[in-house]
Student: 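Encoded as structure tokens, here's the structure I'll be asking about.
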Amino acid sequence: MADVGETILEVHDLNKAFYGVAANDRVNFDLRSGEVHGLLGENGAGKSTLCSVLAGLYRPDSGEVRLDGRPVTLRSPHEAAEHGIGMVYQHFRLVPSLTVAENLVLGLKGQGIRLTLRAVQNRVAAIAEEYGLTVHPDSYVWQLSVGEQQRVEILKQLYRGARILILDEPTAVLAPHECERLYEVVRHMADQGHSVVLVSHKMEEILGHTDRVTVLRHGRNAGTVNTAETTAAILATMMIGTEHLPEPGQHAVRRLDHAPVVLSVENLQVGGDRGVLAVDGASVEVRRGQIVGVAGVAGNGQRELQEAIAGLRAIRSGSVRLGERDITAASPRERSRAGLAYVPEDRLGTGLASGLTIEENLVLKSYREPPHSRLGVLSSSAVGTTARTLIERFDVRGARRGMAVSLMSGGNLQKAILARELSRSHDVLLAASPTRGLDLAATAAVRAHIRAETGEGRGVLLFSEDLAEITELADVIVVMSRGRIVGSYTPETLDVEELGLLMTGAEGMVQAAVRDGGSEA
Amino acid sequence: MTLRLGVEPRARPALPVRLGVPVASLLAAGLAGAVVILVAGASPVEAYRTMLDASLNGVRPLTRTLVLATPLILTGLAAAVAFRMKVWNIGAEGQLYMGAIAAAGLALALPSGTPKPLMLLVILVAGAVAGALWAGLAALPKAYFNTNEVITTLMLNFVALYFMNYLIFGSVSFWRDPEAMFPQGKLIPASAQLPIISHRLHYGLLVALAAALVLWWSLRGTTWGFELRTIGDSPAASRYAGMSVSGKVLSVLALSGALAGVAGAIEVSGVLKTLDPRAIATELGFTGIVVAAVARLNPLGVVPVAVLLGAVVASGTNLQTVGLEAEIVFLLQGLIFLFVAAGEFFLANRLVFPRTAAAVGSP
Amino acid sequence: MRRARWFLVVLAVFAFVAAACGDDDAAAPAEPAAPAEPAEEVAEPAEEAPMEEEAPAEEEPMEEAAPSDGSGYSVAFVFDGFLDDGGWNTTHNRAVEEVRAALPGLDIQLVTEISPGPSATNAFEDLAEAGVDMVIATGFYQPDAEPVAAAYPDTIFLTWAGWTTTDNMGHFDGATEDGRYLDGLIAGSITETGIIGYPAGFPIEEVNRALNAFTIGVREMNPDAVVQVVYINSWYDPPAEQQAAEALANAGADVLAHELNSPAVASVAESRGLNIIGYSSDRSAEAPNAWLSSFTFEWGGYYTNQIKTMIGGTWEPALSYGGLADGFIGNAPYGPDVTDDMLALVEERRQQIIDGTFDYFAGPLVDNEGNVQVADGGTIPFGERTLCCLWLIEGIEGSIN
């Protein structure tokens with residue numbers, strides 16, 4: 001590890017809220033010259049907000065940023081750049097039709113009318129050489145691989161004189177061999193005296209390639225430690241915390257080992273949006289009257305798994321059974337008719353058609369069935385009757401006749417989806433992040449509906465990034481990581497530290513990966 | 001932070017606003033146009049009076065306006081129904097040509113003694129089928145390989161144009177009058193000519209109006225229309241609801257093509273009485289896109305917009321005779337449309353200022 | 001495209017005149033003698049007083065001697081494109097200026113960009129409704145003008161290349177072959193390789209007739225020269241025009257002539273150091289070094305005469321087909337490579353044609369398949385020219401099939 005020098009950047013009691021929700025709550029952070037500083041936390045823990053403040057993208061509600069001991073205000077990315085802070089985003093900001101060199105000078109002030117590209121190229125080549133960022137300055141960006149484009153982004157910041165580099169989940173988009181190259185570059189930059197903030201939720205990455213780690217949880221500091229003096233287990237506990245988890249056994253744990261299986265997913269392989277396997281051999285079972293919660297960091301194949309079960313994504317291998325029926329090849333409509341209710345993560349856009357009215361959305365799955373339509377002709381009175389009944393039964397508020405649903409609040413949108421899905425005959429409810437972004441009352445209402453499902457003898461497969469929600473509701477908790485189900489617990493056997501390690505992909509560090517789990521019968 | 005102006009849809013405004021905005025837009029267009037007319041050295045009062053006289057004042061101007069509006073209603077509907085599902089059929093132009101070719105072909109092929117109602121039915125259906133099939137050439141790859149229909153439909157326009165020109169100018173085809181050494185189409189028999197309502201106004205107008213009504217009702221009152229609107233609104237939600245998007249792409253593009261094809265058939269049967277490529281290739285299909293856009297893809301809205309455009313076009317020659325050059329006349333016509341379109345846009349959307357736009361970034 | 005339209009139209013005339021053979025179409029065959037008439041008529045404008053023939057005098061009887069400056073009368077010119085398109089419409093616009101000079105009191109309206117078809121009918125109707133005395137339609141508008149002329153008997157319609165006259169509708173066209181023969185003399189004098197390239201549109205009578213006249217001119221100066229024709233089956237298609245021109249140049253042509261509308265052929269000639277004979281107007285600016293000459297259309301005298309007879313109440317419907325003698329055909333300025341010797345001959349021939357003492361179509365004319373098309377001592381009479389030619393004369397390499 002490199003020698004770690006002076007503190008160059010300090011953040012004191014930073015507050016930043018969006019719509020009254022605190023994204024950063026009295027966050028403190030400091031960065032030393034020549035260090036690689038990991039920033040660890042779950043999705044929504046406040047990492048991106050902190051980085052965006054440092055990069056000049058957001059302005060803090062309160063708090064102070066000091067550079068070299070002097071307070072600074074960073075009103076724009078440009079000002080941040082002038083102070084030597086550069087950020088590399090997950091989504092690159094390069095112009096594909098321009099060359100590397102042209103991209104580097106793009107938007108730079110004081111370039112004059114005529115760019116002396118030759119000079120730029122020479123300097124780029126020098127910097128690239130120095131840091132091992134081999135990219136040819138004459139190449140067009142569209143010709144470059146993802147890893148090369150990322151190097152261009154880093155080059156761009158170095159070219160502009162950045163001494164503090166913030167890399168926002170840089171390896172999320174990279175193939176494994178490209179990750180290794182990136183780590184070399186990062187280490188090299190630190191050796192040259194630059195400071196690097198490495199945002200990540202991958203435990204191995206943090207442990208292997210940083211000098212210090214700051215862990216954020218729910219927008220607050222969970223602690224800052226020297227990497228060499230910590231372990232994955234400690235970090236996982238810091239990241240997930242325990243204080244907000246309900247005591248196990250708060251609800252009566254039901255042993256349902258012998259109830260019939262209503263949903264069975266076996267060894268499923270599903271492709272992701274970029275062609276690689278997003279779900280790689282996942283298996284899970286849900287029994288009658290049981291809620292199975294799937295915990296995990298977003299982006300580990302949960303969405304693809306949900307979509308594969310719902311029929312919205314092609315299954316490469318494996319099977320999905322609904323009760324006795326194999327629905328692996330069934331269409332979404334057939335699955336719905338066979339008894340699968342689905343509350344998708346994306347409410348407005350998938351769960352609901354945003355431009356359609358509340359009435360139309362409430363019959364989105366039953367518009368072809370009498371009495372809503374006969375011989376292809378819709379009955380607006382029957383649709384209206386159904387809608388009124390559901391709105392009342394599920395307490396959907398703020399809905400006016402003929403109003404587009406996009407103007408409704410999140411809680412009522414979710415209630416509308418639940419109303420539609422749960423009012424149809426079904427045996428299994430597939431629910432993804434059902435309470436994300438909802439206020440307390442709406443959250444409670446949604447959870448009550450989910451809980452009530454079990455009383456009716458139905459099974460629920462619940463995906464959530466909110467561990468508290470899963471521990472509160474689920475009879476069985478499984479962990480999803482890298483496209484697989486890597487652990488299974490009952491609320492009684494839940495080991496938070498281990499769960500955190502599994503979630504962050506550090507299953508190698510877990511002694512006994514799988515303990516007694518209800519669904520492993 | 002970069003200053004960004006966003007646009008977002010607004011809730012349905014009250015009726016007075018919805019009626020008032022188009023009127024205000026027309027007035028604004030009139031004022032802007034007056035400046036142009038003054039600069040061009042003519043009298044705005046005289047120009048506008050001429051415009052009204054030539055398009056609306058009396059049976060002859062009125063019928064002329066409606067004759068011009070008829071194909072625009074149909075091509076406007078063709079664009080509206082496809083765009084409603086976010087299928088960008090830019091090919092109404094070519095589909096219209098094919099409809100005209102098919103209609104003229106059957107009108108010439110069938111015995112001229114065929115009863116008129118049967119003959120007219122056959123040629124309108126022929127136009128619809130030809131337009132639908134031509135659109136289908138773009139629809140199939142779109143539905144099954146997700147090719148970009150903007151490019152395919154656009155290219156097919158040229159193919160259709162060259163084909164039509166070939167039939168009349170490039171060869172002695174069945175459509176061409178072999179007696180006339182000058183390339184022109186054969187005259188279709190009287191039984192294939194749409195009857196006249198008044199002056200040159202033919203019953204094709206009623207076909208267009210009926211199409212607008214049926215389409216309007218279908219979008220609202222049928223499962224087909226419901227699916228179409230859902231897919232157009234959010235493809236993910238429609239897939240989630242179990243709708244077949246590819247099947248819908250086929251049926252919607254076919255319908256869109258059929259409407260354009262009927263427009264072509266009606267032009268041949270009601271106006272031209274022959275396959276005259278130069279008179280058919282007057283961008284009726286492309287103008288339909290503008291009509292649909294201004295009508296905000298509402299089939300009933302297409303009708304008044306097409307009539308407005310018909311009126312604007314109808315007065316073109318007379319404006320030239322009050323001292324405005326053709327280019328100025330086109331500019332005025334464009335101006336009127338631009339203002340109406342802008343009015344409709346702001347009726348449907350509102351500007352969002354950076355403060356609210358910035359909040360999109362999530363914590 | 002626009003500029004090309006009128007070309008198509010030429011065909012119509014001949015189609016209908018050709019239809020005269022099978023005579024079910026009434027009016028056309030009745031008129032074969034008509035072209036001769038206007039030929040005399042139009043020769044008039046050069047002289048001071050318009051000649052008065054028997055006045056049908058349906059309109060207001062006129063005071064004989066007072067030359068009108070056009071006051072109180074209105075004439076509208078209808079164009080299918082821009083006035084300054086550099087080609088067809090420009091030739092007519094130039095004529096409008098001549099009319100304006102001759103009749104300063106005349107109310108002249110210009111209506112541009114009117115496509116043939118329903119929109120033209122609408123335009124004619126508007127003009128007639130507005131009380132215009134005469135509508136001169138410079139494109140192929142007869143079908144569109146016909147119903148309007150019938151409905152508005154007080155308005156006179158003149159269309160280019162129409163074929164049937166009515167009481168208030170007449171037509172006009174120019175004899176390009178006159179100009180083409182003179183162009184051929186120059187091309188024949190210039191060529192050294194003895195090969196002249198001639199990209200053309202369609203193998204129809206109008207085009208072939210001009211091509212035949214051109215070839216007669218070429219061979220008069222250089223009996224061994226050949227004219228290679230390539231029909232591109234379009235009137236306006238720059239890539240095809242260029243391709244044809246390149247191919248002909250590659251085949252050894254050192255002079256290019258054409259009957260097309262884009263500047264493509266001229267630019268090939270210019271860039272390859274060849275010579276170019278233009279078409280219908282002075283386009284020497286497009287190929288300043290390569291430019292030799294071109295015939296031009298001159299409509300001004302005819303228009304002025306027609307308007308004057310209308311004002312005088314002596315207007316009569318006619319099919320007016322005019323050449324050099326009638327002032328319908330003129331010539332563009334000559335390029336630097338045209339010598340005084342060549343000019344002297346061209347001017348001599350021009351005068352002979354105008355005087356009627358020389359006939360380039362004098363027999364025998366043998367086509368390029370060896371058939372005698374016009375016997376020794378015969379000719380193609382001026383009044384029957386529009387029926388010709390569906391054959392290519394000896395010396396042309398190419399086929400109309």
Side-chain angles (χ1 to χ4, degrees), chain B residues 50 53-55 58 60-61 63-65 67-68 70-71 161-162 165-166 168-171 176-185 187 199-200 202 267 270-274 276-284 310 313-330, chain C residues 1-2 4-5 7-19 22 24-25 74 76 78-83 107 109-127 129-130 132 139-140 142-144 147 151 161 163 201-202 204-206 233-235 387 390:
Chain B
T50 306
D53 277 348
S55 58
R60 192 180 59 86
T63 53
R64 177 190 290 180
T65 293
V67 169
L68 289 167
T70 298
L161 176 65
Y162 290 131
N165 282 340
Y166 172 77
I168 298 299
F169 300 132
S171 66
R176 179 165 158 180
D177 187 348
E179 301 297 311
M181 287 294 295
F182 168 71
Q184 64 180 31
L187 208 62
H199 206 69
R200 280 202 283 278
H202 51 79
E267 282 301 281
V271 181
L272 306 171
K273 322 283 200 278
T274 177
D276 180 352
R278 292 164 312 149
I280 289 171
T282 48
E283 313 211 323
L284 293 168
V313 173
S315 59
T317 313
N318 282 346
L319 282 179
Q320 285 200 44
T321 59
V322 298
L324 293 172
E325 286 165 25
E327 285 71 21
I328 300 289
V329 173
F330 295 148
Chain C
M1 257 340 221
R2 269 213 167 100
R5 256 184 222 135
F7 257 115
L8 298 169
V9 174
V10 177
L11 298 177
V13 185
F14 307 115
F16 270 80
V17 181
D24 34 73
D25 249 302
S74 60
V78 178
F79 298 81
D80 73 350
F82 305 93
L83 293 182
D107 173 18
Q109 295 180 353
L110 302 183
V111 180
T112 60
E113 295 182 52
I114 302 294
S115 309
S119 55
T121 303
N122 287 340
F124 295 142
E125 198 176 63
D126 284 338
L127 293 168
E129 187 75 13
V132 168
F140 180 65
Q142 168 169 340
D144 312 316
W163 60 94
F202 293 93
I204 55 167
E205 287 92 334
E206 155 85 2
N233 287 316
S234 167
W235 302 116
L387 297 168
L390 280 175

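Basis for what follows: all heavy atoms, side chains included, without hydrogens, waters or symmetry-related copies.
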Student: Just to verify, what does B/T321 make a side chain to side chain contact (heavy atoms under 4.5 Å, CB included) with, not counting sequence neighbours?
Tutor: B/N318, C/Q109, C/V111, C/L127
Student: Say you draw a straight line from OG1 of B/T317 to CD of C/E129; how long is it, rounded to the nearest 0.5 Å?
Tutor: 12.5 Å
Student: Not counting sequence neighbours, which residues clear side chain to side chain contact (heavy atoms under 4.5 Å, CB included) with B/E325? List them please.
Tutor: B/E327, B/I328
Student: Please classify the contact of C/A123 with chain B as side chain, backbone, both or neither, using a heavy-atom distance under 4.5 Å.
Tutor: both
Student: Of all heavy-atom pairs between C/P118 and B/A279, which one has the smallest distance, and what is that distance?
Tutor: CD-CB, 3.5 Å
Student: If you compare all heavy atoms of C/I114 against all heavy atoms of B/Q320, which two are closest, and at what distance to 0.1 Å?
Tutor: CD1-NE2, 4.4 Å
Student: Less than 4.5 Å apart, any side-chain heavy atom of C/E113 and any of B/V329?
Tutor: no
Student: Heavy atoms only, distances under 4.5 angstrom: which of C/T112, C/T121, C/N122 has the most pairs with chain B? Name it, please.
Tutor: C/N122
Student: What's the spacing between C/S115 OG and B/I280 CD1 if we round to 0.5 Å?
Tutor: 13.0 Å
Student: Can you tell me how far apart CG (C/D126) and CZ (B/R60) are? Round to the nearest 0.5 Å.
Tutor: 5.5 Å
